[in-house]
Amino acid sequence: MGRPPALDRCSAQLDAAPQLLRPREVYGHHHLKPLSKKVHVIICSRSEEGMAAATVAPKQAWPPWPPLLFLLLLPGGSSGSCPAVCDCTSQPRAVLCDHRRLEAVPGGLPVDTELLDLSGNHLWALQQGMLSRLGLLQELDLSYNQLSTLEPGAFHGLRSLLTLRLQGNRLRIMGPGVFSGLSSLTLLDLRLNQIVLFLDGAFGELGSLQQLEVGDNHLVFVAPGAFAGLAKLNALTLERCNLSTVPGLALARLPELVALRLRELDIGRLPAGALRGLGQLKELEIHHWPALESLEPGSLAGLNLSSLAITRCNLSSVPFQALRHLSFLRVLDLSQNPISAIPARRLSPLVRLQELRLSGACLTSIAAHAFHGLTAFHLLDVADNALQTLEETAFPSPDKLVTLRLSGNPLTCDCRLLWLLRLRRRLDFGTSPPACAGPQHVRGKSLRDFSDILPPGHFACQPALIQKSGPRWVIAEEGGRAVFSCSGDGDPAPTVSWMRPPRAWLGRAGRVRVLEDGTLEIRSVQLRDRGAYICVVSNVAGNDSLRAWLEVIQVEAPNGTRFDHNITTPGVPGPFFLDSRGVAMVLAVGFLPFLTSVTLCFGLIALWSKGKGRVKHHVTFDFVAPRPSGDKNSGGNRVTAKLF
């Protein structure tokens with residue numbers, strides 16, 4: 001069979017092309033077998049297309065067969081073949097051997113593998129050198145096997161490995177040398193194991209590690225040097241383990257830590273300075289610590305957080321003292337804590353706070369001016385609480401509020417929520433807008449369902465009026481106790497406060513204080529307490545006031561010095577002094593019975609006299625003349641009177 005014409009044209013073109021490689025450089029001493037005619041056709045067809053654009057050069061001799069043909073004829077799969085039990089075609093450079101009931105790492109893995117998935121098998125150990133051929137491997141998944149030991153050097157040769165997943169195994173102790181050779185590793189997942197101890201130097205060779213997941217283990221102790229060497233770690237999660245204290249000494253070895261998550265731990269106290277060494281920490285999450293009832297003032301010392309979450313614990317109040325130095329805090333989440341109130345202006349040191357989340361708590365009140373001082377504040381989540389209202393005065397600028405989650409609260413739709421009705425079309429209420437729980441005629445109605453023109457009686461309030469009050473003039477002795485009472489009525493229920501002009505409002509603590517029921521109590525009365533006191537009963541619809549006066553009686557000792565009732569000798573009764581007021585009271589008490597007795601006697605005599613009828617009274621005087629002076633028995637003049 002003769003040569004095809006196309007082959008002649010191809011040979012002519014090859015002869016005219018420049019010489020790229022010398023025959024000896026391409027072939028060496030190897031001898032090629034003659035090619036079939038089919039191969040000749042393929043070469044010619046490729047040559048006709050490719051050589052058309054070749055540049056003209058001096059004619060040189062070409063080898064009988066082009067170098068490209070030689071490369072095509074070399075044996076494929078120079079990097080190794082795919083194990084029969086694995087899948088090597090689903091992803092490029094990935095070997096998927098998951099859930100194949102393997103008890104050992106399969107042999108014949110391609111050396112250019114970048115992803116090796118051995119999860120869900122029955123691997124029980126990983127010996128040294130089993131994976132050392134895979135120098136290009138970037139992700140290794142050994143999760144959900146039965147690995148109980150990792151021999152030191154088991155990962156030698158994996159210099160390119162970035163992600164190592166070991167969750168769901170039976171690892172117990174992490175000691176030094178286990179992760180040697182993993183100089184490029186950035187993510188290590190050790191969740192769902194049986195790890196009890198982290199020994200010193202356990203992660204010492206993971207200088208590039210950035211994220212470490214250590215959850216659902218039996219961890220009871222973290223050695224002070226366990227995290228030494230993790231110079232680039234920026235995220236650490238410790239959750240659902242048996243730690244009883246925060247491993248502060250170990251955490252202090254993480255200078256670049258940015259996010260720390262401490263979840264579902266049986267820890268009841270965060271000691272002062274426990275996290276002091278984490279100067280770069282920005283996000284701290286404390287979740288589900290049932291024994292945590294308060295936060296010590298210095299527990300967050302040394303931190304400069306931008307996000308803090310203390311959720312599902314037992315905090316009864318917002319830990320203002322522990323938070324006051326966090327001037328760069330932007331997000332504060334205290335959800336699912338039994339916090340009942342947010343007082344006024346206590347959050348003002350957090351000048352950059354933007355978001356406050358307190359859903360699922362026990363909030364009953366948010367005071368006026370509660371968020372004043374927070375100029376960037378734009379999100380409040382207080383869903384699922386016990387709030388009856390949320391007044392406009394709580395916010396420094398209500399128009400800047402963007403998101404307000406208020407659903408799940410028994411809201412009373414009166415004049416206090418008119419501002420919310422005005423902003424209802426602009427605010428983001430989330431998936432469930434707030435609804436009215438009262439009054440009866442609007443119960444269950446969503447705020448979005450109200451029209452712009454309200455019917456009479458909707459969102460209305462009754463001004464506060466004083467209904468009852470105690471004595472308006474009270475006299476108290478120096479050192480004694482004085483009490484003023486005052487109460488009012490209105491809708492909504494008014495608040496009672498007291499002031500002493502021209503001074504400021506009186507508080508609920510100290511010697512002069514306002515009790516919960518609105519009563520003003522003054523203990524150990526002093527002369528300077530004398531004067532006027534004003535009771536103010538107020539609500540959002542109006543206020544009413546009442547003036548009262550306190551008079552103080554100064555007490556003096558018999559020697560003229562002032563007597564202090566507050567100074568007593570233990571076991572010895574104090575001296576008894578009777579002042580002018582006491583004398584007057586004693587005389588009055590004695591004189592009244594005497595006067596009553598005399599009056600009764602005269603009355604009885606008068607009645608007896610009338611019972612005898614008309615009686616004449618006679619008076620007889622007998623005069624006895626004086627005796628002679630010589631008489632020894634003589635005496636003085638004598639007069640005898642008789643009354644008949």
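Closest of all the heavy-atom pairs between L123 and V105 is CD2-N, 3.9 Å. The minimum heavy-atom distance between W289 and L262, with the atom names listed, is NE1-O, 3.2 Å. For the pair A344 and A367, the tightest heavy-atom approach, listed with the atom from each and the gap, is N-CB, 3.7 Å. Heavy atoms only, all atoms of each residue included: S299 and A322 are closest at OG-CB, 4.1 Å. L187 and L209 make their closest contact through N-CD1, 3.6 Å (heavy atoms, listed as atom of the first residue, atom of the second, distance).
A distance of 8.5 Å separates CG of L411 from CG of L390, quoted to the nearest 0.5 Å. Note that CG of L257 is 6.0 Å distant from CG of L236, once rounded to the nearest 0.5 Å. Between the CG atom in L182 and the OG1 atom in T163 there is a gap of 11.0 Å [rounded to 0.5 Å]. With values rounded to the nearest 0.5 angstrom, L332 atom CG is found 9.0 Å from L326 atom CG. Note: N385 CG to L387 CG = 5.5 Å, rounded to the nearest 0.5 Å. L251 contributes atom CG, which lies 6.0 Å from atom CZ of F227 (distance to the nearest 0.5 angstrom).
A side-chain hydrogen bond (donor to acceptor under 3.5 Å, both in side chains) check over residues 330-353, counting only residues at least two apart or in different chains, returns the pairs D333-S335, S335-S359. Under the side-chain hydrogen bond (donor to acceptor under 3.5 Å, both in side chains) criterion, the residue pairs touching residues 303-329 are H287-T311, with sequence neighbours excluded. A ring pair (Phe, Tyr, Trp, His ring centres under 6.0 Å) check over residues 234-276, counting only residues at least two apart or in different chains, returns nothing. Contacts classified as side-chain hydrogen bond (donor to acceptor under 3.5 Å, both in side chains) and involving residues 178-195 (residues at least two apart or in different chains) are given here: H156-S180, R172-Q194, D189-R191. Within the structure, side-chain hydrogen bond (donor to acceptor under 3.5 Å, both in side chains) contacts touching residues 195-220 (residues at least two apart or in different chains) are Q211-E213, E213-T237, D216-R240.
Applying the ring pair (Phe, Tyr, Trp, His ring centres under 6.0 Å) test to W419 and every residue at least two apart in sequence or in another chain returns F395. With sequence neighbours left out, H458 forms a ring pair (Phe, Tyr, Trp, His ring centres under 6.0 Å) with H441. With sequence neighbours excluded, no residue satisfies side-chain contact (heavy atoms from CB on, under 4.5 Å) with S451. Contacts of H369 classified as ring pair (Phe, Tyr, Trp, His ring centres under 6.0 Å), with partners at least two apart in sequence or in another chain: H372. For R276, there are no side chain to side chain donor-acceptor pair (under 3.5 Å) partners, not counting sequence neighbours.
Relative ring orientation between F179 and F155 is described as parallel, the plane-to-plane angle staying below 30° on a 0-90° scale split at 30° and 60°.
Within the 4.5 Å cutoff, the side chain of L219 has heavy atoms near those of the L238 side chain. Within the 4.5 Å cutoff, no side-chain heavy atoms of T403 are placed close to those of D381. A heavy-atom distance below 4.5 Å is found between the side chains of L380 and F371. Contact check for F198 versus P247: no side-chain heavy atoms found under the 4.5 Å cut-off. Here the side chains of R508 and R513 are not in contact, with every heavy-atom distance at 4.5 Å or above. Between S497 and V514, every side-chain heavy-atom pair lies at or beyond the 4.5 Å cut-off. Under the 4.5 Å side-chain criterion, counting only non-hydrogen atoms from C-beta, L164 is in contact with L161. Between K445 and R443, the closest side-chain pair of non-hydrogen atoms is not below 4.5 Å.
Ion pairing between R261 and E239 fails under the 4.0 Å rule for side-chain N and carboxylate O. Ionic pairing of E256 and K232 is not present here: no N-O contact between side-chain nitrogen and carboxylate oxygen is shorter than 4.0 angstrom.
A side-chain donor-acceptor contact under 3.5 Å links N169 to the backbone of L142. The main-chain N or O of A541 is found under 3.5 Å from a side-chain atom of N539 such that the two form a donor-acceptor pair. Distance alone, capped at 3.5 Å, places no donor-acceptor pair between the N409 side chain and the Q388 backbone.
Atom CH2 of W124 sits in a sparse spot, with 12 or fewer heavy atoms from other residues, nucleotides or ligands closer than 6.0 Å. When the shell of 6.0 Å around NZ of K400 is examined, it contains 12 or fewer heavy atoms from other residues, nucleotides or ligands.
Considering L115, D117, L96 as possible partners of D141, the one that fulfils the side-chain contact (heavy atoms from CB on, under 4.5 Å) test is D117.
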**OP:** Could you check R511 against E521 for salt bridge (Lys or Arg N to Asp or Glu O under 4.0 Å), going step by step and ending with a plain yes or no?
**Re:** CA-CA 8 Å; R511 188 178 59 84; E521 180 188 40; over 6 Å; no

Subject >> Test log, rule side-chain contact (heavy atoms from CB on, under 4.5 Å), inputs L334 and I339 >> reply: CA-CA 9 Å; L334 298 174; I339 298 174; 4.2 Å; yes

**OP:** For D491 and C461, run side-chain contact (heavy atoms from CB on, under 4.5 Å): C-alpha distance rounded to whole Å, both residues' side-chain angles, the deciding distance at 0.1 Å, then the answer.
**Re:** CA-CA 5 Å; D491 184 21; C461 294; 5.6 Å; no

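For the residue pair D414/T412, the side-chain donor-acceptor check at 3.5 Å is not satisfied.
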Side-chain donor-acceptor pairs of residues 291-298 under 3.5 Å, sequence neighbours excluded:
from: E296; atom 1: OE2; to: R269; atom 2: NE; distance (Å): 2.4
from: E296; atom 1: OE2; to: R269; atom 2: NH2; distance (Å): 3.3

Report, one line per pair, each donor and acceptor closer than 3.5 Å where one atom sits in a side chain of residues 421-438; sequence neighbours left out.
from: R422; atom 1: NH2; to: E392; atom 2: OE2; distance (Å): 3.3
from: R424; atom 1: NE; to: L447; atom 2: O; distance (Å): 3.4
from: R424; atom 1: NH1; to: L421; atom 2: O; distance (Å): 2.5
from: R424; atom 1: NH2; to: F450; atom 2: O; distance (Å): 2.8
from: R424; atom 1: NH2; to: D452; atom 2: OD1; distance (Å): 2.9
from: R425; atom 1: NH2; to: D452; atom 2: OD1; distance (Å): 3.4
from: R426; atom 1: NH1; to: D399; atom 2: O; distance (Å): 3.4
from: R426; atom 1: NH1; to: L401; atom 2: O; distance (Å): 2.9
from: R426; atom 1: NH2; to: D399; atom 2: O; distance (Å): 3.1
from: R426; atom 1: NH2; to: L401; atom 2: O; distance (Å): 3.4
from: D428; atom 1: OD1; to: G430; atom 2: N; distance (Å): 3.0

